[in-house]
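Comments concern the structure below.
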There are 2 protein chains.
Amino acid sequence: MATGRTHRPATRSRGIPEATVARLPLYLRALTALSERSVPTVSSEELASAAGVNSAKLRKDFSYLGSYGTRGVGYDVEYLVYQISRELGLTQDWPVVIVGIGNLGAALANYGGFASRGFRVAALIDADPAMSGKPVAGIAVQHADELEKIISDNGVSIGVIATPAGSAQQVCERLVAAGVTSILNFAPTVLTVPDGVDVRKVDLSIELQILAFHEQRKAGEEAPPEEETAPPVAPPAATVKKRTDPGSDGDVPAVMPA
Amino acid sequence: MATGRTHRPATRSRGIPEATVARLPLYLRALTALSERSVPTVSSEELASAAGVNSAKLRKDFSYLGSYGTRGVGYDVEYLVYQISRELGLTQDWPVVIVGIGNLGAALANYGGFASRGFRVAALIDADPAMSGKPVAGIAVQHADELEKIISDNGVSIGVIATPAGSAQQVCERLVAAGVTSILNFAPTVLTVPDGVDVRKVDLSIELQILAFHEQRKAGEEAPPEEETAPPVAPPAATVKKRTDPGSDGDVPAVMPA
DNA sequence: ACCTGTGAAATCGTTCACAGCG
DNA sequence: CGCTGTGAACGATTTCACAGGT
């Protein structure tokens, strides 16, 4: 099944580049830290270094927002905090629901970084009846049956999926049907959603695999040998495959108590 | 990237584009699923759809690895699983340590997706003495004092940081000094590392902020913009600048500086 | 007929370098 | 002067479209 559409379909608006949007939260965090230290202004150089990017990129990024700096001086910290917050939509309240309260869901519920921005955890939802009513991060977990009601009662438009991979698509569909239009997916699976719904995914094992790739390359640089070990599987041999080996892998769900 | 310099300038002919590397785990997951269903071959079209990308991209990606397909037929699933695993370095064992066993660290320790690939959780480390010895995901938590010894005894080269932001840089430095050269950072802070050390970060609140940006934009497209609270901070000088809009102007949605 | 592999074109993103303003 | 804002050069990535096997 499936022609999976997973990305925002390029709206016609003359918008801010996606790469820039992805860095705004980074700038915002650096600015917030400066603000807390009552620093009045920063140069692109200083702010860039605090955010871990280079100054040309930062200036270019800001140029998409408007001309908020002062030549010869830099940027006004407070003003920029406000402008970026507004651009990101953080000046309004975003109720979110977290579905799947396993280890990861609980970690998310407890994560301070949510509440500190405009995000408010409106509800925690889990399919396990044994979880219902249990308080996690000070919020009573509700049963999945309530999902639609919770979404509409709270005007939730952002949902976080932290369920096992097997349930993710189903949960996703219910969220979307109930009105959610943005989803943050922690389950290691590709979600198929209708046009107009945004999905971002966070996959822990993918990140590790990317690191392993680079790690392997580093190791290979020291030892030049270009070995070509014989593959355990022959190239286009055309033999029908037997069952896959032991209970290896299978992309275990996104976190569940062992 | 933390400080100014990072990334290799694609010196070798062996250089696979970073964007491609980032998708290999996705392909691998889709292939593994096919393998478990004993599907012998897939076309680029089928596999692409299972992985959530388009087929041209997938073919281009695979072309960087070599010519592993058969024209008129498609790709041999088992063979491709092996080739990608090897390319990613998953045919070897990668011991990892997780530092910071709070909610998130525990979730990571329990995450099946790690063990199912070449990753093995070699140790769980926490600075809280009260945690020492406690079993999490079947592994006894060890005290941070043991960090260096654990790294070297186990030949760990990949570390996962799940500590509070305040401790992350310090932990990072100890990991690096002890020999770790790849770090997956969950703490919401920019890590500064020496050359040769890779850092990937996963920031939950950043993902939500990006969603909020798009969510806000969606809302602005339907309903006419409504002016909200006046900026709590006035622009630096009394002079309010106009927004210099690069390119055309005209159909930008709601949010804009007056 | 079908599907891969890949140059070439189009698009997107980053960096350079400097004009212009405070 | 110092620092922003930005065209223009550059580089990376995606998409097109079709040549070339099977």
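Below, each value reflects all heavy atoms present in this structure, side chains not excepted, and no hydrogens, waters or symmetry copies. In what follows, chains are A, B, ... by sequence order, proteins preceding strands, each numbered from 1. Just so it is clear, the structure is predicted and the values come from calculations on it, not from any experiment.
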Distance, rounded to the nearest Å, where [X] contributes [atom1] and [N] contributes [atom2]:
{"X": "B:R23", "N": "D:dT13", "atom1": "CZ", "atom2": "C1'", "answer": "8 Å"}
{"X": "B:D61", "N": "D:dA12", "atom1": "CG", "atom2": "P", "answer": "16 Å"}
{"X": "B:K60", "N": "C:dT4", "atom1": "NZ", "atom2": "P", "answer": "15 Å"}
{"X": "A:E18", "N": "D:dT14", "atom1": "CD", "atom2": "P", "answer": "13 Å"}
{"X": "B:Y64", "N": "C:dG7", "atom1": "OH", "atom2": "P", "answer": "10 Å"}
{"X": "B:L58", "N": "D:dT13", "atom1": "CG", "atom2": "P", "answer": "16 Å"}
{"X": "A:Q83", "N": "D:dT4", "atom1": "CD", "atom2": "C1'", "answer": "16 Å"}
{"X": "A:I16", "N": "C:dG13", "atom1": "CD1", "atom2": "P", "answer": "13 Å"}

Output yes when a side-chain donor or acceptor of [X] lies under 3.5 Å from a complementary backbone atom of [Y], and no otherwise.
{"X": "A:K218", "Y": "B:T181", "result": "yes"}
{"X": "B:E46", "Y": "B:S43", "result": "yes"}
{"X": "A:S49", "Y": "A:E45", "result": "no"}

Less than 3.5 Å between a donor and an acceptor, one on the side chain of B:R71 and one on the base of C:dT4, is that the case here?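 Check passes, donor-acceptor contact within cut-off.
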Do the side chains of B:L208 and A:R117 get nearer than 4.5 Å, heavy atoms only?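 A side-chain contact is absent here, since even the closest heavy-atom pair is not under 4.5 Å.
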For the helix from C:dA1-D:dT22 to C:dG22-D:dC1, what is the angle between the axes at its two ends, each from 5 pairs, rounded to 10°?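 Roughly 0° between the end axes, to the nearest 10°.
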Closer than 4.0 Å, any side-chain N/O of B:S44 to the OP1 or OP2 of C:dT4?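 So the side chain of B:S44 is within the cut-off, an N or O lying under 4.0 Å from OP1 or OP2 of C:dT4.
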side-chain N/O B:N54 vs D:dT14 OP1/OP2, d < 4.0 Å: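 Answer no for this pair, as no side-chain N or O of B:N54 is under 4.0 Å from OP1 or OP2.
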For the ring pair A:Y79 and A:Y82, is the centre-to-centre distance below 6.0 Å?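 No, they do not, as the ring centres are separated by 6.0 Å or more.
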Qualifying salt bridge (charged side-chain N to carboxylate O under 4.0 Å, His left out) pairs, either residue in residues 53-70 of chain A, two or more places apart: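 Passing the test, one end in residues 53-70 of chain A: A:R23-A:D61.
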According to ring-ring contact (aromatic ring centres under 6.0 Å, His included), does anything in residues 39-63 of chain B pair up with another residue at least two apart or in another chain? List the pairs.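 For residues 39-63 of chain B: B:Y27-B:F62, B:F62-B:Y75.
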Checking contacts here: which listed nucleotide ([options]) is nearest the side-chain heavy atoms of [X]?
{"X": "B:R59", "options": "D:dT14, C:dC18, C:dT4", "result": "C:dT4"}
{"X": "B:S63", "options": "C:dC3, C:dT6, D:dT15", "result": "C:dT6"}
{"X": "A:A19", "options": "C:dG13, D:dG5, D:dC16", "result": "C:dG13"}

For A:V73 and for A:A56, locate the closest nucleotide of DNA chain D by heavy-atom distance; then report the residue assigned to the nucleotide nearer the 5' terminus.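 With A:V73 and A:A56 compared, the 5'-side residue is A:V73.
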Using a heavy-atom cut-off of 4.0 Å across all strands, would you classify B:Y75 as base, sugar-phosphate, or nothing?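 Here B:Y75 touches the backbone only, sparing every base.
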